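Working notes, structure below.
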Amino acid sequence: MTNCRSLRRFAALALLASSVLFSAMEDAEAQPAGFNYDESKVPAYTLPDPLTCLDGSKVADSKTWLTKRRPELLNLFAEHVQGRTPKGDVTVREEWVQHEPALNGLASRKQVRLSFERNGVKRHVDVLVYLPAKARGPVPAFIGLNFSGNHTVHADPGIILPTSWVQNDAKKGVTNNLASAQMRGESATRWQVEKVVGRGYAVVTAYYGDLFPDRADGMADSVIALFQKELSPSDWNAIGAWSWGLSRITDYLASSGDIDLKRLALHGHSRLGKAALWAGAQDQRFAMVISNDSGEGGAALARRWFGETTKRINTSFPHWFNGAFKQYNDNEAKMPVDQHELLALIAPRPLYVASATEDQWADPKGEFLAAYHAGAVYALFGKKGVGISEQPAPEKPVGDAVGYHLRVGKHDIAEYDWDRYLDFADRHFGKPSGK
Ligand code: GCU
């Protein structure tokens, strides 16, 4: 009870501390001040070396990376940026499961509610899975969280609406923070379900608000409340909660037998790209990680002071990263890590970073450079990274174990992005059988 109250008090303080809260802000014009779009104002910076350990020794082989430097970096990110994910067990139940034919025979639609219980607190996440109808045995899959509810990823009327808090939007019929059927299929272009399933991959998704409602005072209603007895509120936050949820969904996928975990690609757009990178860094079951326009706190280098800055993100979204991260506002050079090292934590698994030309807020060049610098760690495994040191021209995809492209257009996930991700998955996983 006391802990619950302190969680609420922390959340209320975070709300006060946040000068502006933008919850579904996607376009650059709507962004708050405190950013830089002038390349000449980017100060000189020195990136921390992923291959130098805290004791000053150098990493020269993959074994030292895996046993010494990788755990060290994971720990630094947990302590200084995302917060520490608790290890404690949670009771997970499949509260209900539905499995029906869908998409005119192209797929079957599986929906399951995973309920979590711990310390007398209950939370849940509703998982939506489309399995290619022709699949025999476990299939490769793309897994990612969605922004507005499972029903927004496709107009399919069989998709169950979320019951947890959603952002109000009167124009789209969302009032009283309750999901509305009017939003069915709203984000369909971002998911390309028929295309992905048609290429032989399952689509797995869940609403991120089931795990942590995306508002400054969302913590008390989030899965973090399951752990309230062990943790102080600044230990982990929304990005940590979203990535924790991705791992729990993966536990379910592992037990369901539907999915071939060796070919499980995790993707995320924007804030959910930040969460995908953190989930992929911690949980090596994600066999491939795709960061779409993830920007500040995601793939973009923090020290390259362009687009959104550390102070800006911590002010607008105080509930995303941990308390310690706030000390790097206007102070990025003091961070013991930078984002190329978060990307390097995915190695040797295939990694794809994508940017968009009109998404200056996310700093496309900083995203490319982080992908480039992660290559030093892939090289330890004899793998090639993006292959070039200059950002490529728009729509000229590059890379081997680390893929990169700069799409023409705005902050979004478009069909162009999906075509690249599917080709990348085919290349690294092998084409799904029958394709
Ligand atoms: C805001 C935020 C970004 C974030 C984006 C999104 O623009 O500043 O850091 O990536 O929202 O999630 O759409």
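Please read all numbers here as calculations on a predicted model, not as lab measurements. Counting convention: from 1, in listed order, for ligands and their atoms alike.
- If you look at Arg271 next to ligand 1, the close heavy atoms, those under 4.0 Å, come from the backbone and the side chain alike.
- Taking the ring axis of Phe424 as reference, the NZ or CZ atom of Arg427 does not stay both within 45° of it and closer than 6.0 Å to the ring centre.
- Minimum heavy-atom separation, Tyr404 to Glu367: CE1-C, 4.4 Å.
- Interface of Ile313 with ligand 1, defined as ligand atoms under 4.0 Å from a residue heavy atom, comprises 9 (O).
- Within the 4.5 Å cutoff, no side-chain heavy atoms of Asn292 are placed close to those of His267.
- Across all non-hydrogen atoms, the minimal contact from Pro71 to Trp65 is CD-O, 4.0 Å.
- Counting only non-hydrogen atoms, the option in Gly297, Ser270, Gly295 that gets closest to atom 10 (O) of ligand 1 is Ser270.
- For the ligand labelled ligand 1, residue His411 lies inside the 4.0 Å heavy-atom shell.
- The backbone N or O of Ile346 sits less than 3.5 Å from a side-chain atom of Arg349, completing a donor-acceptor pair.
- Proximity to Phe317 (heavy-atom distance under 4.0 Å) selects the following atoms of ligand 1: 1 (C), 2 (C), 8 (O).
- Shown here for Gln182 and Gly173, the closest heavy-atom pair between the two residues is OE1-CA, 3.4 Å.
- The shortest heavy-atom distance from Lys274 to ligand 1 is under 4.0 Å.
- Taking every heavy atom of Trp320 and a limit of under 4.0 angstrom, the matching atoms of ligand 1 come to 4 (C), 9 (O).
- Considering backbone and side-chain atoms together, Trp361 places an N or O closer than 3.5 Å to an N or O of ligand 1.
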